[in-house]
Enquirer: 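Mind having a look at this structure? Questions to follow.
Chain letters run A, B, ... following the sequence lines, proteins first, then strands; residues in each count from 1. Keep in mind that what you see is a predicted model, and the values were worked out from it rather than measured.
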Amino acid sequence: MSRDWPLWEVFIRSKHGLSHKHVGSIHATDAEMAINNARDVYTRRNEGASIWVVRAADIVSSAPGDKEILFDPSEDKIYRHPTFYEVPDEVENL
Amino acid sequence: MAVTGGAAMSDASKQFEYLLRLGDNALVLGQRLSAWVGHAPVLEEEMATANVALDLIGQAKSWLDLAGQVEGEGRDADWLAYHRDAWDYRNALLVEQPNGDYAMTIMRQFLFDAFHLPLLEQLAASGDERVRDIAAKSVKEVRYHLRRSSEWVIRLGDGTEESHRRTQAALDELWRFTGELMAADAVDQAMVEQGLGADLEPVADAWRQRVDQVLEAATLERPGEQWMQQGGKQGRHSEHLGYILAEMQFLPRAYPDARW
């Protein structure tokens with residue numbers, strides 16, 4: 001039966017976190033039931049403050065074969081990391 | 001509609017009876033739902049059903065502990081759950097009905113949730129602080145139970161030809177057990193007078209409204225006026241309860257000192 005239900009990816013924002021994080025996937029008949037199922041499967045131990053569900057079929061992902069052209073060019077550009085200046089001692093939350 | 005029962009009891013024993021009804025409804029339905037664990041149609045439903053079962057068993061513990069306190073004979077929730085026989089149970093007949101197919105389980109849940117929520121909403125304003133506290137915690141859980149069971153009734157009723165047929169059959173089968181939920185007897189009336197319990201008339205209004213609305217969305221036909229089964233609240237049960245208790249109570253009765 002579950003083969004007939006679409007797959008949904010579940011993102012939960014935890015109580016202390018700031019952004020939604022992918023936690024796994026579930027099957028559900030539609031968006032409303034997907035929220036319910038996500039709640040029942042992934043927030044049983046007080047993990048959640050907010051839930052997003054997205055149909056897995058609607059997610060566009062990069063192709064594994066594109067790894068070289070997408071990600072290798074940034075490997076030797078360490079100057080993009082903010083590590084080349086001194087942080088004054090007075091600055092606390094950086 | 002008033003039926004006899006509880007007319008000659010003291011105030012404390014009426015409270016005890018009333019709390020048993022609240023606790024036993026939750027306990028028996030929780031036990032019924034637990035039987036789906038390992039057998040539910042899909043993983044998501046298994047988790048959801050187990051969650052509802054655990055909510056209900058937690059509520060049962062609170063109500064039965066309070067019942068034991070009110071009774072004052074040193075019996076706690078475990079004792080009341082595991083050492084009473086069927087005729088001492090005070091749950092409504094609806095919750096002891098078999099799981100059947102999934103449509104039956106969902107329909108039983110919906111018909112009960114639609115009663116349970118307005119009941120607890122009233123109890124959350126009870127004059128008794130202990131009742132108020134348990135109800136206030138439970139009401140959040142049950143609001144979700146009702147949302148979920150309503151959604152399922154709508155999807156199954158307005159789903160495929162087969163799901164519609166099965167859901168209508170479940171509704172027709174279980175309808176005769178719904179009258180008892182909202183039929184006030186002497187115990188119910190005494191609890192309203194004491195300011196502890198819920199007035200079942202507004203509960204019945206809320207129930208009818210919710211049921212009509214969901215059945216319409218589900219394209220299901222509300223059964224006509226018919227004879228309503230009663231007796232569970234007074235300890236007269238269908239044949240099913242004995243089997244439920246036999247399974248639930250076996251271990252603590254056979255091994256009274258068993259510990260986790």
Side-chain angles (χ1 to χ4, degrees), chain A residues 1-67 70-71 93, chain B residues 30 33-34 36-58 101-106 109-110 113 117 137 140-167 213-214 217-219:
Chain A
M1 189 181 177
S2 66
R3 280 170 313 188
D4 302 328
W5 291 359
L7 185 69
W8 303 73
E9 298 301 328
V10 180
F11 301 80
I12 306 270
R13 180 160 64 76
S14 69
K15 285 193 161 53
H16 306 292
L18 289 173
S19 54
H20 288 72
K21 211 173 147 188
H22 185 238
V23 294
S25 49
I26 45 118
H27 289 92
T29 53
D30 51 72
E32 242 165 343
M33 295 307 287
I35 292 278
N36 288 350
N37 288 352
R39 181 263 191 195
D40 282 322
V41 175
Y42 291 110
T43 69
R44 303 175 80 232
R45 295 174 187 85
N46 207 20
E47 298 96 331
S50 164
I51 303 173
W52 287 352
V53 289
V54 183
R55 259 181 196 264
D58 289 340
I59 292 181
V60 182
S61 104
S62 59
D66 285 349
K67 190 172 165 291
L70 290 180
F71 308 118
N93 301 312
Chain B
L33 290 175
S34 304
W36 276 110
V37 173
H39 304 276
V42 293
L43 176 144
E44 290 80 355
E45 283 308 302
E46 174 139 334
M47 301 286 284
T49 308
N51 288 348
V52 175
L54 286 172
D55 286 346
L56 289 170
I57 289 167
D101 59 12
Y102 213 65
M104 192 73 91
T105 290
I106 291 290
Q109 193 65 37
F110 169 65
D113 292 342
L117 181 60
K137 177 174 177 286
K140 292 187 214 165
E141 297 170 341
V142 172
R143 210 163 266 148
Y144 181 75
H145 300 173
L146 177 59
R147 172 168 138 186
R148 189 174 180 105
S149 59
S150 301
E151 301 283 8
W152 262 125
V153 168
I154 293 169
R155 279 159 182 76
L156 291 172
D158 192 19
T160 65
E161 202 178 306
E162 184 183 6
S163 73
H164 178 87
R165 176 174 55 73
R166 285 174 181 258
T167 312
Q213 177 203 338
V214 169
T219 71

Enquirer: Do the side chain of N51(B) and the main chain of D40(A) share a donor and acceptor less than 3.5 angstrom apart?
Expert: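 Yes: the side chain of N51(B) pairs with the backbone of D40(A).
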Enquirer: Taking salt bridge (charged side-chain N to carboxylate O under 4.0 Å, His left out) as the definition, give me every residue that meets it alongside R147(B), ordered by chain and number, with sequence neighbours left out.
Expert: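 Salt bridge (charged side-chain N to carboxylate O under 4.0 Å, His left out) check on R147(B) returns nothing, list empty.
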Enquirer: Could you look at E45(B) and say if it's the side chain, the backbone, both or neither that has a heavy atom under 4.5 Å from chain A?
Expert: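 It is the side chain, since no backbone atom gets that close.
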Enquirer: Out of curiosity, M33(A) CE to E151(B) CD, how far, rounded to the nearest 0.5 Å?
Expert: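 These two atoms lie 6.5 Å from each other.
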Enquirer: Report yes if some heavy atom in the side chain of T29(A) is under 4.5 Å from a heavy atom in the side chain of W152(B); otherwise report no.
Expert: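 Heavy-atom side-chain distance check passes, below 4.5 Å.
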Enquirer: Take R148(B) and E32(A) through the test salt bridge (charged side-chain N to carboxylate O under 4.0 Å, His left out) and record every step on the way to the result.
Expert: CA-CA 10 Å; R148(B) 189 174 180 105; E32(A) 242 165 343; over 6 Å; no
Enquirer: Tell me, please, which residues at least two apart from K137(B) pass salt bridge (charged side-chain N to carboxylate O under 4.0 Å, His left out).
Expert: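 K137(B) satisfies salt bridge (charged side-chain N to carboxylate O under 4.0 Å, His left out) with E141(B) once adjacent residues are dropped.
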Enquirer: Check for a donor-acceptor pair, side chain of E44(B) on one end and backbone N or O of H27(A) on the other, with a separation under 3.5 Å.
Expert: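 It does hold such a pair.
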Enquirer: Check the pair R155(B), D30(A) against side chain to side chain contact (heavy atoms under 4.5 Å, CB included), reporting the backbone distance first and the verdict last.
Expert: CA-CA 10 Å; R155(B) 279 159 182 76; D30(A) 51 72; 2.6 Å; yes
Enquirer: Can you give me the closest heavy-atom contact between W5(A) and V42(B), atom names plus distance?
Expert: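 So the two residues come closest at CZ3-CG2, 3.6 Å.
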